[in-house]
Enquirer: 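First, the structure itself, so that you have it in front of you.
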Amino acid sequence: MAEATDDRLRLLIERIERLEEEKKGIADDIRDVYSEAKAVGYDTKIMRQIVRLRKMDNNDRSEMEMILDTYKAALGMG
């Protein structure tokens, strides 16, 4: 039984390692896309913010924007 458990653990670890490699590859691909966007004149900081906002639920995004506006107003920023 211990041997089967050891084999299962090894297989799980190997799967995690493969997925970590895939994740690194995808992160490299994303970095390349941002570099391409920057090369043609896009502001990658703003693009990252847009990507982050698009991931959010509409209600969460609206709430965040409302709080941001409240804070900005309190600080005399708009």
Side-chain angles (χ1 to χ4, degrees):
M1 172 111 172
E3 187 175 316
T5 302
D6 292 348
D7 285 342
R8 172 126 192 194
L9 176 60
R10 182 182 49 76
L11 290 173
L12 290 169
I13 296 295
E14 288 173 355
R15 279 178 53 200
I16 291 168
E17 290 171 340
R18 279 192 303 275
L19 290 169
E20 288 291 341
E21 277 299 313
E22 288 177 29
K23 184 169 77 171
K24 183 187 176 307
I26 290 170
D28 290 343
D29 291 345
I30 291 170
R31 189 174 23 253
D32 290 345
V33 172
Y34 280 115
S35 293
E36 180 181 338
K38 186 174 185 173
V40 294
Y42 289 107
D43 186 326
T44 57
K45 244 172 135 175
I46 301 301
M47 288 177 64
R48 289 179 192 278
Q49 287 179 346
I50 294 295
V51 169
R52 195 174 319 115
L53 289 171
R54 287 173 53 113
K55 286 182 188 177
M56 295 175 75
D57 175 80
N58 284 338
N59 293 330
D60 292 340
R61 185 174 49 245
S62 294
E63 181 181 348
M64 184 202 67
E65 289 171 350
M66 187 171 40
I67 293 169
L68 179 61
D69 288 342
T70 301
Y71 285 19
K72 285 168 49 178
L75 296 170
M77 298 175 62

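Heavy atoms only: backbone and side chains are in, while hydrogens, waters and symmetry mates are out. Residue numbers count from 1 along this sequence. It should be emphasised that the depicted structure is a prediction, and the values quoted were computed from it without experimental measurement.
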Enquirer: If you measure from CD on Glu65 to CE on Met56, what distance do you get to the nearest 0.5 Å?
Expert: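 It comes to 8.0 Å.
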
Enquirer: Assess the residue pair Ile46 and Ile50 against the criterion (side-chain contact (heavy atoms from CB on, under 4.5 Å)); give the C-alpha distance rounded to whole Å, side-chain angles, the decisive distance to 0.1 Å, and a yes or no.
Expert: CA-CA 6 Å; Ile46 301 301; Ile50 294 295; 4.3 Å; yes

Enquirer: In Å, rounded to the nearest 0.5 Å, how long is the span from CE of Met64 to CG of Leu53?
Expert: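 Met64 atom CE to Leu53 atom CG measures 5.0 Å (nearest 0.5 Å).
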
Enquirer: Give a yes or no on this: more than 12 heavy atoms of other residues, nucleotides or ligands lie within 6.0 Å of atom CD of Glu14.
Expert: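 For Glu14, atom CD is crowded (more than 12 foreign heavy atoms under 6.0 Å).
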
Enquirer: Check the pair Glu36 / Asp32 against side-chain contact (heavy atoms from CB on, under 4.5 Å), numbers first and verdict last.
Expert: CA-CA 6 Å; Glu36 180 181 338; Asp32 290 345; over 6 Å; no

Enquirer: For a 4.5 angstrom cut-off between non-hydrogen side-chain atoms, does Glu22 reach Leu19?
Expert: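 Touching, per the 4.5 Å side-chain cut-off.
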
Enquirer: Quick check on side-chain contact (heavy atoms from CB on, under 4.5 Å): which of Lys45, Met47, Arg52 does Gln49 satisfy it with?
Expert: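 Exactly one option meets the side-chain contact (heavy atoms from CB on, under 4.5 Å) with Gln49, and it is Arg52.
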
Enquirer: Working note: Lys38 + Asp43, criterion side-chain contact (heavy atoms from CB on, under 4.5 Å); need CA distance, chi angles, decisive distance, verdict.
Expert: CA-CA 6 Å; Lys38 186 174 185 173; Asp43 186 326; over 6 Å; no

Enquirer: Go through it in stages, so that I can follow the logic: the residues are Met66 and Asp69, the test is side-chain contact (heavy atoms from CB on, under 4.5 Å), and I'd like the CA-CA distance, side-chain angles, deciding distance and then a yes or no.
Expert: CA-CA 5 Å; Met66 187 171 40; Asp69 288 342; 5.7 Å; no

Enquirer: What's the shortest heavy-atom distance between Thr44 and Tyr34, and which atoms?
Expert: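 The answer is CG2-O, 3.2 Å.
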
Enquirer: If you count the non-hydrogen atoms of other residues, nucleotides and ligands that lie under 6.0 Å from CZ in Arg10, is the total more than 12?
Expert: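 Result for CZ/Arg10: enclosed.
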
Enquirer: Under 4.5 Å between side-chain heavy atoms, hopping through other hydrophobics if needed: is there a path connecting Val51 to Ile26?
Expert: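 Same hydrophobic cluster.
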
Enquirer: So which atom in Arg61 and which in Arg54 form the shortest heavy-atom distance, rounded to 0.1 Å?
Expert: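 Between these two residues, the closest heavy atoms are NH1-CA, 4.1 Å.
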
Enquirer: Any chance you could measure Ile16, atom CD1, to Leu11, atom CG, to the nearest 0.5 Å?
Expert: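 The distance works out to 11.0 Å.
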
Enquirer: Could you measure the distance from the CG atom of Asp6 to the CD atom of Glu3? Nearest 0.5 Å is fine.
Expert: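 One finds 7.5 Å between CG of Asp6 and CD of Glu3.
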
Enquirer: Let's go through Asp28 and Lys24 carefully: what are the C-alpha distance in whole Å and the side-chain angles of both, what is the deciding distance for salt bridge (Lys or Arg N to Asp or Glu O under 4.0 Å) to 0.1 Å, and is it a yes or a no?
Expert: CA-CA 6 Å; Asp28 290 343; Lys24 183 187 176 307; 3.2 Å; yes

Enquirer: Take Arg18 and Glu21 through the salt bridge (Lys or Arg N to Asp or Glu O under 4.0 Å) test and state the conclusion after the steps.
Expert: CA-CA 5 Å; Arg18 279 192 303 275; Glu21 277 299 313; over 6 Å; no

Enquirer: Is the shortest side-chain heavy-atom distance between Met77 and Tyr71 below 4.5 Å?
Expert: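 Met77 does not reach Tyr71 side chain to side chain.
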
